[in-house]
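Quick caveat, the model's predicted, so the values are computed rather than measured.
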Amino acid sequence: MSLFQDIYDVIVVGGGHAGCEAAAAAANMGSKTLLVTMNLQTLGQMSCNPAMGGIAKGQIVREIDALGGYSGIVSDLSAIQFRMLNRSKGPAMWSPRTQNDRMRFAETWRLKLEQTPNLDFYQEMVKSLIIKNGRVTGVITSLGIHIKGKTVVLTNGTFLNGLIHIGEKQFGGGRAGESAAYGITEQLVSLGFESGRMKTGTPPRVDGRSLNYTSMEEQAGDEAPQKFSFSDETKPLSSQRSCFITYTNPTVHDLLREGFDRSPMFNGRIQSIGPRYCPSVEDKINRFAEKERHQIFVEPEGWHTVEVYVNGFSTSLPEDVQYKALKAVPGFEKVKFFRAGYAIEYDYFPPTQLQYTLETKMIGGLYFAGQINGTTGYEEAASQGLMAGINAHLSVKGEVPFILKRSEAYIGVLIDDLITKGTEEPYRMFTSRAEHRTLLRQDNADVRLTNIGHQIGLASTERLRKMEAKKNKTDSFVQFLKKTSVTTKEINPILSAVDSANVTQSDKLFKFLSRPNINLKMLASLNNVADFISDNHLEEEEIEQAEIRVKYSGYIEKEMAQVEKLGRLEDIQIPVGFNYDKVKSLSIESRQKLQKILPATLAQASRISGVSPSDISTLLVYMGR
């Protein structure tokens, strides 16, 4: 008798950030789901730094939370520090980040998943897929067990033919101490998929008891910490652990250079491309030879452990070179290693082979999410897992696919970038990638997405009511600021205090708050403002959101108009199977790119590298528009 009699709606392969979100989403929406992973003890493992969020990534975590995913909740429950980055810039750039307890993060994910109905678990390697008539129908494990499934989500991370490098040593593995996964790449390539290799790396972990923190700069968390999740399931931190900052120096650089002849990066052993925005320390001193120092973030791995993550010192140099160089960093003079840094190469599949749902174009019911698509980072992976899990469920139920536009979410930007432009290096999200970033702020992710998450059956009714209450209170406060006048006697002392031009007649609060050097805290001294806040029980995030909406109202209106204009192209569908060879006036490059990507709309076609505005005009004319 087989271990698995049932046919699963969704089989998720891999238990990292993408796999956990995919499994949770599909199961919570009602699909009978199986999560198959090589090691159930490492579910939700933070393979690299013990932190979530950051520039643009924090916005993604909040979007996952608003839709009903778990990354925000898990991050809050395991956080040891919270910081809102980029506070000195405009609110479109503000990005939440938590430092996390590595062990507690993985434990929290495990417990959340175990409490999820409809979700089964199995520990083993999946070596191949069962495919019939161009559609996936299940998986086969290394023990030869056949598991039937209507859809399969592959979230293999760095495990597909993973190869670890430390100096001149190399060995198979998907993560230090864990074996690589074999078989899937070869099968997919034999079916016609294009695959490639990418590289990432990780720094040494050291014993915090061996460090001299007095030689470093302390980096504390925010004085009034917030949190990721919009739900009441989590609370802001009442106490926090500090991180520390130190720097490399010319001596460190010289010691590192001594090992370059044994570096897999420079002796040709590593051929693949690593993340541009998270280079190894040897790459940094090679590419930026003129810089005398580079920043090192000294990050605790949890509340009680002494293990420390040396952020900024990612390396694949020989362990003796790593050790000698790190000892020359201020504060690390007596450092003791827990484990050396290493680089890892792994297989990925260029994401232009996917549809917007993250289903592959070639095999029906097969979805890819995470590093298999060429992305880097927990947050990017988790968001793809969420979307793949949602769409796998909807596909099984015969419902309309769930697709987010670029104007709706960073998640929409991420997926559109991947499937439209592809990536030849590990893709990382930045605020600069989102042309509508003033609309896609971290503070309004719930307002943007909770209703959509509720409609598809993932965000709870309680979440929806909480969001609507927040939105109503914020709206009423903005209206109050638009309607309420303030006299010159009241406002001029406030304006004078910040060298802002005085006024000769009364005007609306909205107008004064629109000034760049005036904030709500200054206006709160006016009785009617303070009374409104008190009478309506406005919370800090509602006050902050109202202030952002007032200050950036002009930008927001312009962006909304631009979204509406671009939306007309989004509405023009390109027929399935459209023959671009018929349109002779298209450039050869444009024709080739369009045939490869097969865009669903003219808007998507317009974003393909090599497709010009004149090509879009030609297609508009050809389609009778």
Side-chain angles (χ1 to χ4, degrees), residues 133-135 191-194 349-368 373-374 384 387-388 391 394-395 398-424 427 432-437 439-440 452 558-625:
N133 303 320
R135 187 167 185 88
L191 290 167
F193 281 87
E194 178 191 348
F349 291 84
T352 51
Q353 300 170 99
L354 302 175
Q355 302 175 43
Y356 269 109
T357 57
L358 299 182
E359 184 179 18
T360 67
K361 293 173 181 174
M362 210 173 296
I363 303 293
L366 178 63
Y367 296 77
F368 291 173
N373 289 335
Q384 292 171 70
M387 297 300 284
N391 279 306
L394 293 172
S395 169
E399 295 177 24
V400 178
F402 178 58
I403 294 164
L404 288 169
K405 297 175 185 173
R406 295 181 72 91
S407 57
E408 291 178 313
Y410 272 90
I411 298 172
V413 175
L414 169 70
I415 293 173
D416 184 66
D417 277 356
L418 290 176
I419 71 166
T420 302
K421 299 171 184 171
T423 185
E424 293 177 357
Y427 177 101
S432 58
R433 295 194 193 273
E435 61 272 36
H436 305 301
R437 56 187 169 275
L439 302 179
L440 309 182
I452 305 173
K558 279 181 188 172
E559 239 170 62
M560 292 290 283
Q562 189 185 11
V563 167
E564 196 176 325
K565 188 177 176 184
L566 291 171
R568 292 169 203 147
L569 282 183
E570 293 283 5
D571 292 336
I572 302 174
Q573 301 285 320
I574 298 174
V576 176
F578 183 82
N579 185 359
Y580 293 97
D581 289 330
K582 286 181 180 177
V583 190
K584 300 300 181 188
S585 52
L586 289 175
S587 69
I588 292 172
E589 181 189 4
S590 173
R591 209 174 298 159
Q592 289 172 345
K593 296 275 180 73
L594 289 163
Q595 290 284 23
K596 182 181 179 182
I597 307 292
L598 298 175
T601 66
L602 272 186
Q604 187 192 352
S606 72
R607 293 189 291 269
I608 296 171
S609 174
V611 176
S612 69
S614 64
D615 291 324
I616 298 302
S617 297
T618 299
L619 288 171
L620 273 168
V621 170
Y622 195 86
M623 292 176 183
R625 299 299 181 103

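Minimum heavy-atom separation, K421 to T352: C-CG2, 4.2 Å. Contact between G422 and P351 at its shortest, heavy atoms only, is CA-CG, 4.1 Å. Taking each heavy atom of R433 and V413 in turn, the nearest pair found is O-CG1, 3.6 Å. L404 and A409 make their closest contact through CD1-CB, 4.0 Å (heavy atoms, listed as atom of the first residue, atom of the second, distance). Contact detail for T357 and P401: the closest heavy-atom pair is CG2-CB, 3.5 Å. Between T618 and S585 the shortest heavy-atom distance is CG2-OG, 3.0 Å.
Put simply, CG on N373 and OG1 on T423 are 10.5 Å apart, with the number rounded to the nearest 0.5 Å. The distance from atom CG of L354 to atom CZ of F349, rounded to the nearest 0.5 Å, is 10.5 Å. Atom OG of S614 is separated from atom CG of L619 by 10.0 Å, given to the nearest 0.5 angstrom. For the atom pair CG (N391) and CG (L358), the distance works out to 7.0 Å, reported to the nearest 0.5 Å. Here CG of L440 is found 8.5 Å from CD of E435. Values are rounded to the nearest 0.5 Å. Summarising the geometry, atom CD1 belonging to I616 is positioned 7.5 Å from atom CD1 belonging to I608; distances are rounded to the nearest 0.5 Å.
With a 4.5 Å cut-off on side-chain heavy atoms, L602 and I574 count as touching.
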field: side chain to side chain contact (heavy atoms under 4.5 Å, CB included) between L394 and V400, worked out
entry: CA-CA 7 Å; L394 293 172; V400 178; over 6 Å; no
- request: Could you go through the side chain to side chain contact (heavy atoms under 4.5 Å, CB included) check for L594 and V611 one step at a time?
  value: CA-CA 8 Å; L594 289 163; V611 176; 4.1 Å; yes
message: Pair I403, M387 - check side chain to side chain contact (heavy atoms under 4.5 Å, CB included), show working.
response: CA-CA 8 Å; I403 294 164; M387 297 300 284; 5.9 Å; no
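Among residues at least two apart or in separate chains, there is no salt bridge (Lys or Arg N to Asp or Glu O under 4.0 Å) pair with a member in residues 609-618. The salt bridge (Lys or Arg N to Asp or Glu O under 4.0 Å) pairs that include a residue from residues 350-363 number zero, where partners must be two or more places apart or lie in different chains. Residue pairs that meet the salt bridge (Lys or Arg N to Asp or Glu O under 4.0 Å) test with at least one member in residues 573-589, sequence neighbours left out, are E589-K593. Counting only residues at least two apart or in different chains, side chain to side chain donor-acceptor pair (under 3.5 Å) contacts with residues 407-416 comprise Y356-D416, R406-D416, D416-T420, D416-R607.
Under the rule for a side-chain contact (heavy atoms from CB on, under 4.5 Å), the partners of S395 that lie at least two apart in sequence or sit in another chain are R135, T151, Y367. With sequence neighbours left out, T601 forms a side-chain contact (heavy atoms from CB on, under 4.5 Å) with E570, Q573, A603, Q604. Take F193 and apply the ring pair (Phe, Tyr, Trp, His ring centres under 6.0 Å) test, not counting sequence neighbours, and it matches F368. Not counting sequence neighbours, K558 has no partner by the side-chain contact (heavy atoms from CB on, under 4.5 Å) test.
Residue-environment remark: CE (M362) exceeds the threshold of 12 foreign heavy atoms within 6.0 Å. For E424, the CD atom counts as loosely surrounded, since its 6.0 Å shell holds 12 or fewer non-hydrogen atoms of other residues, nucleotides or ligands.
A donor-acceptor pair is defined here as one N or O able to donate and one able to accept, closer than 3.5 Å; no such pair exists between the side chain of E194 and the backbone of P350.
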